Amino acid sequence: MENCWNILVATEQEQLKLGAALAKFVLPRLVIYLTGDLGAGKTTLSRGILTGFGYQGKVKSPTYTLVEPYEFETFIIYHFDLYRLVDPEELELLGIRDYFHDTSIVLIEWPTKGQPLLPEPDIRIDIKMLTQGRQLCLTAHSLKGQQILQQLCA
């Protein structure tokens with residue numbers, strides 16, 4: 001099922017716009033992994049997704065809190081940043097399974113630090129820093145993810 005769509009963004013603004021465009025097709029009960037080096041723009045893309053849903057508040061990386069919830073009328077977005085996670089078992093104490101439900105969209109930065117306790121993603125977005133801009137590889141890992149990315153990249 002792995003289809004990768006490569007998208008080049010030249011600026012942070014373009015990355016925000018891509019996140020907002022992705023939000024048009026994202027539905028609850030979806031898991032998105034965000035990977036890339038420090039400073040690659042994982043939180044920037046998350047901010048774009050949230051603003052695409054109409055969120056107007058400040059979006060910060062939940063590096064120290066591990067998760068930041070954003071409540072909307074009919075769903076909730078959980079934004080995880082697992083960079084500082086020492087042991088995946090910490091997620092058990094956090095009640096990780098409770099975050100994946102019918103009305104949630106879950107964005108996870110640094111997902112490898114939470115394995116094997118995290119579910120497979122519907123979409124994985126790998127962000128690579130270039131001399132100028134970023135290259136994003138969007139990969140579908142489920143039928144739902146594939147449908148979303150086909151709509152986004154059409």
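Only a predicted model underlies this, so the values are computations on that prediction, with no experimental measurement involved.
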Neighbour count >12 (heavy atoms, 6.0 Å) for atom [atom1], [X]:
X: Q132; atom1: CD; value: no
X: E90; atom1: CD; value: yes
X: F75; atom1: CZ; value: yes

Tell me, do [X] and [Y] make a side-chain contact under 4.5 Å, heavy atoms counted?
X: Y55; Y: F72; result: yes
X: L30; Y: V106; result: no
X: V59; Y: Y70; result: yes
X: R134; Y: Q15; result: yes
X: D126; Y: L136; result: no
X: I32; Y: P121; result: no
X: L107; Y: Y33; result: no
X: T74; Y: T103; result: no

If I compare all heavy atoms of [X] with all of [Y], which pair ends up nearest, and what's the gap?
X: H101; Y: I76; answer: CE1-CG2, 3.8 Å
X: L117; Y: P88; answer: CD1-O, 2.9 Å
X: I125; Y: L138; answer: CG1-CG, 4.0 Å
X: L82; Y: W110; answer: CB-O, 3.5 Å
X: S46; Y: L34; answer: OG-CD1, 3.2 Å
X: C153; Y: I7; answer: SG-CD1, 4.2 Å

When clusters are formed by joining ILVMFWY residues with side-chain heavy atoms under 4.5 Å apart, either directly or through shared neighbours, do [X] and [Y] land in the same one?
X: I148; Y: Y78; answer: no
X: F53; Y: L16; answer: no
X: I49; Y: W5; answer: yes
X: I77; Y: I123; answer: yes

Walk me through it: do E92 and R97 pass the test side-chain contact (heavy atoms from CB on, under 4.5 Å)?
CA-CA 8 Å; E92 286 289 358; R97 288 176 182 81; 2.7 Å; yes
From CA spacing to verdict: side-chain contact (heavy atoms from CB on, under 4.5 Å), L18, L152:
CA-CA 9 Å; L18 177 63; L152 175 69; 4.2 Å; yes
Is a donor on one side and an acceptor on the other found under 3.5 Å between the side chain of [X] and the backbone of [Y]?
X: D81; Y: L66; value: no
X: Q146; Y: S142; value: no
X: K144; Y: R29; value: yes
X: T51; Y: G54; value: no
X: Q135; Y: I127; value: no
X: K42; Y: D37; value: yes

N-O pairing of R47 and E12 below 4.0 Å
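A salt bridge links R47 with E12.
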For the [atom1] atom of [X] and the [atom2] atom of [Y], what is their distance to the nearest 0.5 Å?
X: K128; Y: L8; atom1: NZ; atom2: CG; answer: 10.5 Å
X: L85; Y: D87; atom1: CG; atom2: CG; answer: 7.0 Å
X: D122; Y: L149; atom1: CG; atom2: CG; answer: 10.0 Å

Evaluate the side-chain contact (heavy atoms from CB on, under 4.5 Å) criterion for residues L143 and Q147: first the C-alpha distance (whole Å), next the side-chain angles of each, then the deciding distance (0.1 Å), finally the verdict.
CA-CA 6 Å; L143 182 57; Q147 292 168 341; 3.8 Å; yes
Assess, by modelled atom type and distance only, whether the side chains of E109 and T43 contain a donor and an acceptor separated by less than 3.5 Å.
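Looking only at side-chain atoms, T43 and E109 do form a donor-acceptor pair, the distance falling under 3.5 Å.
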Under 3.5 Å, is there a donor-acceptor pair between the H141 and R124 side chains?
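A pair is found: one side chain offers a donor N or O, the other an acceptor, under 3.5 Å apart.
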ring-ring contact (aromatic ring centres under 6.0 Å, His included) between Y99 and F80: does it pass, once the steps are laid out?
CA-CA 10 Å; Y99 291 91; F80 283 86; 5.1 Å; yes
